[in-house]
Amino acid sequence: MSDDAAPWLVVGLGNPGPEYAGNRHNIGFMVADLLAGRIGGRFKAHKARAQVVEGRIGPPGPANRRIVLAKPMSFMNLSGGPVTALRDFYKVPVEKIVAIHDELDIDYPTLRLKLGGGDNGHNGLRSMTKAMGPDYHRVRCGIGRPPGRMQVADFVLKDFSSTERKELDWFVDRSADAVECLILDGLERAQSTYNS
């Protein structure tokens, strides 16, 4: 299969289980869920320890793109295993992999897209980079820094505040738009449209 024929692998990072569903750390799952709804798919268990949905985005015809949406079920700090297994299963080149994740160094609700780079202390990215190198796309959903002396681990594993929740649907929707733009129109267009 040529690289052109390979699907895009879009990975929402998060932790499995209802107790984590509303956490800041799970915004990647939230965006993946919205994208699944847009393509009319439902997540199903995959042998790669992930839930996946296969579908297409974009206008009907040759301009649309095959995508595989994935939510690793391994917990955040072990995301690299399921993502690598899915990459191998679907024969996806690393530059067609997109990780959607929370980002402490960007204010809420700000988006930034980039290709490659470090993990910035993010355990999900660290695990992915260790498994397959850094050259995948990132859709970085800003959650800001913890207030006062709150530990980072406590902050990311807390639900969005009531104030933040007022903008959360909009932010998740915008993040999903950015993923679609990245895949259909390329990184530069997506950055100029969505990087704020």
Side-chain angles (χ1 to χ4, degrees), residues 1-76 78-102 111 113 124-125 127-128 131-132 136-141 160 168-187 189-190 193-194:
M1 179 158 55
S2 75
D3 284 0
D4 282 351
W8 282 78
L9 175 58
V10 178
V11 182
L13 293 181
N15 286 309
E19 67 273 33
Y20 298 106
N23 289 180
R24 293 183 179 94
H25 224 18
N26 270 42
I27 194 162
F29 274 18
M30 297 173 197
V31 177
D33 286 338
L34 180 64
L35 285 164
R38 287 183 180 184
I39 63 174
R42 296 177 72 117
F43 280 100
K44 296 184 178 73
H46 190 280
K47 65 183 181 186
R49 282 184 314 154
Q51 291 190 339
V52 300
V53 177
E54 296 180 46
R56 303 189 87 87
I57 61 166
N64 72 17
R65 300 280 179 269
R66 264 181 75 211
I67 67 167
V68 176
L69 288 168
K71 298 192 295 187
M73 292 287 116
S74 58
F75 287 98
M76 182 69 89
L78 300 171
S79 300
V83 176
T84 306
L86 290 169
R87 176 199 69 184
D88 295 347
F89 181 84
Y90 289 104
K91 299 180 173 55
V92 180
V94 72
E95 64 275 7
K96 287 181 89 170
I97 296 173
V98 182
I100 309 164
H101 63 92
D102 58 307
L111 266 182
L113 289 84
L125 295 181
S127 177
M128 282 180 62
M132 59 189 189
Y136 51 91
H137 288 89
R138 296 104 190 275
V139 175
R140 304 156 73 207
C141 304
F160 285 98
L168 185 58
D169 286 349
W170 172 85
F171 190 33
V172 169
D173 198 60
R174 185 171 168 81
S175 302
D177 290 347
V179 171
E180 292 183 350
C181 183
L182 167 65
I183 293 170
L184 294 169
D185 302 319
L187 179 61
R189 167 66 68 83
T193 307
Y194 294 99

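- Side-chain contact between Leu35 and Glu180 is present, with heavy atoms from C-beta onward closer than 4.5 Å.
- Between Ala48 and Ala85, the closest heavy-atom pair is CB-CB, 3.6 Å.
- With rounding to the nearest 0.5 Å, the separation of OG1 in Thr84 from CD1 in Ile97 is 7.5 Å.
- We find the CE-CG distance between Met30 and Asp173 to be 14.0 Å, quoted to the nearest 0.5 Å.
- For the residue pair Leu187 and His137, the shortest heavy atom distance occurs at CD1-CD2, 4.1 Å.
- To the nearest 0.5 Å, the span separating CD on Glu54 from NZ on Lys44 amounts to 9.0 Å.
- Around atom CZ of Arg189, no more than 12 heavy atoms belonging to other residues, nucleotides or ligands sit under 6.0 Å away.
- Heavy atoms only, all atoms of each residue included: Ala32 and Gly12 are closest at CB-CA, 4.3 Å.
- Looking only at side-chain heavy atoms (C-beta outward), Leu125 and Leu13 come within less than 4.5 Å of each other.
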Item to complete: For the pair Tyr90 and Val52, evaluate side chain to side chain contact (heavy atoms under 4.5 Å, CB included) and give the outcome as yes or no after the intermediate values.
Response: CA-CA 11 Å; Tyr90 289 104; Val52 300; 3.9 Å; yes

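- Looking at Val11 and Tyr136, their side chains never come closer than 4.5 Å, going by heavy atoms from C-beta outward.
- Inter-residue side-chain proximity for Ile100 and Ile27 is flagged as unmet; no heavy-atom pair is nearer than 4.5 Å.
- The minimum heavy-atom distance linking Ala36 with Val53 is given by the pair CB-CG2, 4.0 Å.
- The line from CD1 of Ile183 to CD1 of Ile57 is 4.0 Å long, rounded to the nearest 0.5 Å.
- Arg87 places no side-chain N or O within 3.5 Å of a backbone atom of Val94 that could act as its donor or acceptor partner.
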Worksheet item: Going through the checks in order, is the side chain to side chain contact (heavy atoms under 4.5 Å, CB included) test met by Leu69 and Ile39?
Response: CA-CA 10 Å; Leu69 288 168; Ile39 63 174; 3.9 Å; yes

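- When each of Lys71, Gln51, Arg38 is tested with Asp33 by the rule side chain to side chain donor-acceptor pair (under 3.5 Å), just one qualifies, namely Lys71.
- Aromatic ring pairs are classed by plane angle as parallel below 30°, tilted from 30° to 60° and perpendicular above 60°; the pair Phe89 and His46 is perpendicular.
- Minimum interatomic distance between Asn15 and Met76 (heavy atoms only, all atoms of both residues): OD1-N, 2.8 Å.
- Closest non-hydrogen pair, Ala6 versus Val92, comes out as CB-CA, 4.3 Å.
- Rounded to the nearest 0.5 angstrom, Arg140 CZ and Ser175 OG are separated by 12.5 Å.
- Using the six-membered ring where Trp is involved, Phe75 and Tyr20 have ring planes that are perpendicular, over 60° apart on the 30 and 60° scheme.
- Note that CZ of Phe29 and CG of Asp102 are 11.5 Å apart. Values are rounded to the nearest 0.5 Å.
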